[in-house]
Amino acid sequence: MPSFHHPDAPDAQGQFGPYGGRYLPETLIPTLDHLERTYREIREDDGFWSEYRALLADYVGRPSPLFHARALSDALGGARLFLKREDLNHTGAHKINNCLGQVLLARRMGKRRIIAETGAGQHGVATATVCALYGLPCVIFMGAVDVARQADNVARMKMLGAEVRTVNQGSATLKEAMNAAIRDWIAHPDETYYLLGTGAGPHPYPWIVREFQKVIGQETRKQLLDQTGQLPDAMIACVGGGSNAMGFFHPFLDEPGVRLYGIEAGGHGLHTAQHAASLGQGRMGVLHGCCSYYLQDEDGQIANAHSISAGLDYPGVGPEHALLRDTARVTYASVTDAQAVDAFRWLTRLQGIIPALESAHALAYARELAPTMGTDQILVVCLSGRGDKDLKTVQQFEETSP
Ligand SMILES: *Cc1c(COP(=O)(O)O)cnc(C)c1O
């Protein structure tokens, strides 16, 4: 356990160590300053938090349960395995926690138009949902490849009243969708609120998103103490941009006895170019206004990421994870598409819970870790979302692999 104390908030430059910051055109700096000022105001505003907490309870259905998965624990023969059930939230994943908080923030700022990017479509659906709740016009940018592989979520967004703009550039996935959203934002900074879906992008987004997702870890801590009287020995979450993992880990960063594991998408394996392990194989760089670890070629061009799960298919990661990697407070590892699909089937059959393929990455790692732990120890996995959206992907994967 290193002696380094992880900062609770970014520094005056908006950085976590050397990572983070605001690498964007000058014209957006006043907009980011306005966002940061408003956010600092609402941090002290009890009225804001009571409105937010009431929505989390009555609209999202929080607290989400903490479930002792006995069949999994028995099958693995090691640690007692618990699942934090973010899959049971309204809209089926953790993303709604952040969307609700940021839409309340946008309303405080007097912004009437919401834009967002989406990969798997989960963030688009969560954003369109909250916009419907508040009667706000909403535009979602989505890569053409993702539009094709997540057709159900596209239909859902449209049903909720959002406009979905298909982005055809480059690999036509999340990276390009984010570029398009940022371009739109630069063109309309006064009336538009950019609702970023993960703990990445320019300061203050990584900080704001983590603070709105922190409820996952806070509830986990209380629920586990109530159920067992213990803190966890280890915790595992999948890492795309890193928001569910940051929210899950944050209340435990100062607990030296709690080992933390962030699992990236290993795609076809880290020895291939087909993966999304930016912390495992990436280097320091800048994308979407933020300094962090990114997958890059020798010339520093951002490489295309691959994962079977659209929600992990991003060539970078939030700046707070970059610092946690360097300080070794969190251990980062990866699992392959095949391991994730296997874990998806395993949880479904053993506990009757169909997980998102993203979350199945965390579960796959739990299958390796739990047997190395004692039966008196506790392992908690963040089940970030439900897997109804992934059934076709899993079926196709199994039909095409030997
Ligand atoms: C979007 C998504 C992720 C990845 O995003 P993070 O910001 O890394 O949490 C993980 N799980 C599910 C279910 C998602 O929808």
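Excluded from the calculations below are hydrogen atoms, water molecules and symmetry mates; all remaining heavy atoms, backbone and side chain alike, are included. Counting starts at 1 for both ligands and their atoms, following the listed order.
Residue pairs meeting the side-chain hydrogen bond (donor to acceptor under 3.5 Å, both in side chains) criterion with at least one partner in residues 144-161, sequence neighbours excluded, are Gln122-Asn153, Asp146-Arg149, Arg149-Asp313, Asn153-Arg156.
The closest donor-acceptor contact from the side chain of Glu219 to the backbone of Ile216 lies at 3.5 Å or more, if one exists at all. Asn89 places no side-chain N or O within 3.5 Å of a backbone atom of Gly92 that could act as its donor or acceptor partner.
At a heavy-atom distance under 4.0 Å, only side-chain atoms of Ala356, from C-beta outward, approach ligand 1. Only side-chain heavy atoms of Lys95 come within less than 4.0 Å of ligand 1; its backbone N, CA, C and O stay farther off. At a 4.0 Å heavy-atom cut-off, ligand 1 touches His94 through the side chain alone.
Protein heavy atom at the shortest distance from atom 11 (N) of ligand 1 is Ser384 OG, 2.7 Å. Regarding atom 4 (C) of ligand 1, its nearest protein heavy-atom neighbour is Gly311 O, 3.5 Å.
Checked by distance only, ligand 1 and Ala245 stay at 3.5 Å or farther apart across all their nitrogen or oxygen atoms. The N/O atoms of Leu312, backbone and side chain alike, include none that comes under 3.5 Å of an N/O atom in ligand 1.
For Arg165, the side chain to side chain contact (heavy atoms under 4.5 Å, CB included) test picks out Arg113, Val139, Phe141, Glu163, Asp184, with sequence neighbours left out.
For ligand 1, the atoms sitting less than 4.0 Å from at least one non-hydrogen atom of Thr198 are 6 (P), 7 (O), numbered in the order shown with element in parentheses.
Each of His94, Arg85, Glu86 was scored for a side-chain hydrogen bond (donor to acceptor under 3.5 Å, both in side chains) with Ser64, with one residue passing: Glu86.
Taken from OG in Ser307 to CD in Glu358, the straight-line distance is 7.5 Å, to the nearest 0.5 Å.
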